Colleague: 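A single structure is presented below for examination.
Below, all heavy atoms of this structure are taken into account, side chains as well, without hydrogens, waters or symmetry copies. Just so we're clear, the structure is a prediction, and the values are computed from it rather than from any experiment.
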Amino acid sequence: MPVLDNAHALVVGIANYQHVTSLPASVLRDSMDVYKTLTDPQACAYDREHVTLLQDGKATGAALRAALASLAQKTDGNSIVTIYLSSHGGRIEE
């Protein structure tokens with residue numbers, strides 16, 4: 001399968017938090033499995049340069065905003081865009 005030139009993805013896995021109960025390590029394995037599947041030439045064939053993987057400490061608010069902004073700049077109406085998030089949410093009162 002040829003590499004898909006106009007396919008882009010953001011894959012995020014967060015299992016370990018500062019102020020919220022940690023999730024099992026399977027969360028990180030799941031996000032890595034999605035990354036590997038997207039970039040596998042025999043599966044999805046996304047160009048590795050077009051897939052961003054952010055896990056745990058690298059998945060900061062600033063890094064997520066930057067990755068989403070990068071997706072917006074690199075893609076157009078004909079692009080294939082995949083966003084995968086494995087984590088859990090919570091509410092922080094400010």
Side-chain angles (χ1 to χ4, degrees):
M1 173 180 273
V3 172
L4 297 174
D5 291 332
N6 203 15
H8 303 265
L10 171 60
V11 179
V12 181
I14 306 170
N16 299 294
Y17 296 84
Q18 291 178 352
H19 306 291
V20 180
T21 304
S22 293
L23 293 172
S26 59
V27 168
L28 300 176
R29 287 192 302 273
D30 289 348
S31 60
M32 181 57 76
D33 287 346
V34 168
Y35 173 82
K36 288 178 180 178
T37 300
L38 289 172
T39 59
D40 182 340
Q42 301 303 313
C44 296
Y46 283 44
D47 184 331
R48 285 186 188 274
E49 297 295 318
H50 296 178
V51 182
T52 300
L53 174 65
L54 299 175
Q55 291 185 310
D56 273 347
K58 292 185 179 181
T60 64
L64 290 167
R65 285 187 292 277
L68 290 168
S70 177
L71 274 177
Q73 289 177 343
K74 294 177 183 177
T75 59
D76 58 32
N78 295 315
S79 299
I80 297 168
V81 177
T82 301
I83 299 173
Y84 177 84
L85 174 63
S86 183
S87 70
H88 67 75
R91 179 174 287 192
I92 299 173
E93 298 296 330
E94 293 188 39

Colleague: Output the distance between atom CG (L28) and atom CG (L23), rounded to the nearest 0.5 Å.
Modeller: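 Separation between the atoms: 9.0 Å.
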Colleague: Is there a donor-acceptor contact under 3.5 Å from the side chain of N16 to the main chain of D56?
Modeller: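 Answer holds: no.
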Colleague: Give the C-alpha distance, both sets of side-chain angles, the deciding distance and a yes or no for side chain to side chain contact (heavy atoms under 4.5 Å, CB included) between L38 and Y84.
Modeller: CA-CA 11 Å; L38 289 172; Y84 177 84; 6.0 Å; no
Colleague: Considering non-hydrogen atoms only, spot the tightest contact between V27 and S87 and give its length.
Modeller: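 Smallest interatomic distance, heavy atoms only, reads CG1-N, 4.2 Å.
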Colleague: Can you name the nearest heavy-atom pair linking L10 to A67, along with the distance?
Modeller: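 Minimum heavy-atom contact is CD1-CB, 3.7 Å.
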Colleague: Distance from N6 atom CG to Y46 atom OH, nearest 0.5 Å?
Modeller: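 That separation rounds to 10.0 Å.
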Colleague: Could you give the distance from OG (S79) to CG (D5), rounded to the nearest 0.5 Å?
Modeller: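 Output value for this atom pair is 11.0 Å.
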Colleague: Please determine whether residues L54 and Y17 belong to a single hydrophobic cluster, defined as Ile, Leu, Val, Met, Phe, Trp and Tyr linked transitively by side-chain heavy-atom distances below 4.5 Å.
Modeller: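 Yes, L54 and Y17 fall within the same hydrophobic cluster.
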Colleague: Determine the minimum heavy-atom distance between A59 and V12, stating which atoms define it.
Modeller: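 It is CB-CG1, 4.0 Å.
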Colleague: Between A43 and T37, which heavy-atom pair has the shortest distance, and what is it?
Modeller: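 In this case the closest contact between A43 and T37 is CB-O, 3.4 Å.
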Colleague: Locate the shortest heavy-atom distance separating K74 from H8; write the atom from each residue and the value.
Modeller: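 The answer is O-NE2, 3.8 Å.
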Colleague: Rounded to the nearest 0.5 Å, how far does OG1 of T52 lie from CG of L68?
Modeller: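 Answer rounded to 0.5 Å: 9.5 Å.
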Colleague: Can you tell me if D30 uses its side chain to pair, donor with acceptor, with the backbone of D33 under 3.5 Å?
Modeller: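 Judged by distance alone, no pair lies under 3.5 Å.
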Colleague: Let me confirm one number: the NZ-OG distance from K36 to S31, rounded to the nearest 0.5 Å.
Modeller: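 It comes to 10.5 Å.
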Colleague: Rounded to the nearest 0.5 Å, how far apart are CG of L53 and NZ of K58?
Modeller: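 One finds 8.5 Å between CG of L53 and NZ of K58.
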Colleague: If you look at every heavy atom in P24 and A15, which pair is closest and at what distance?
Modeller: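 In this case the closest contact between P24 and A15 is O-CB, 3.8 Å.
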Colleague: Apply side chain to side chain contact (heavy atoms under 4.5 Å, CB included) to L71 and I83, showing your working.
Modeller: CA-CA 10 Å; L71 274 177; I83 299 173; 4.2 Å; yes
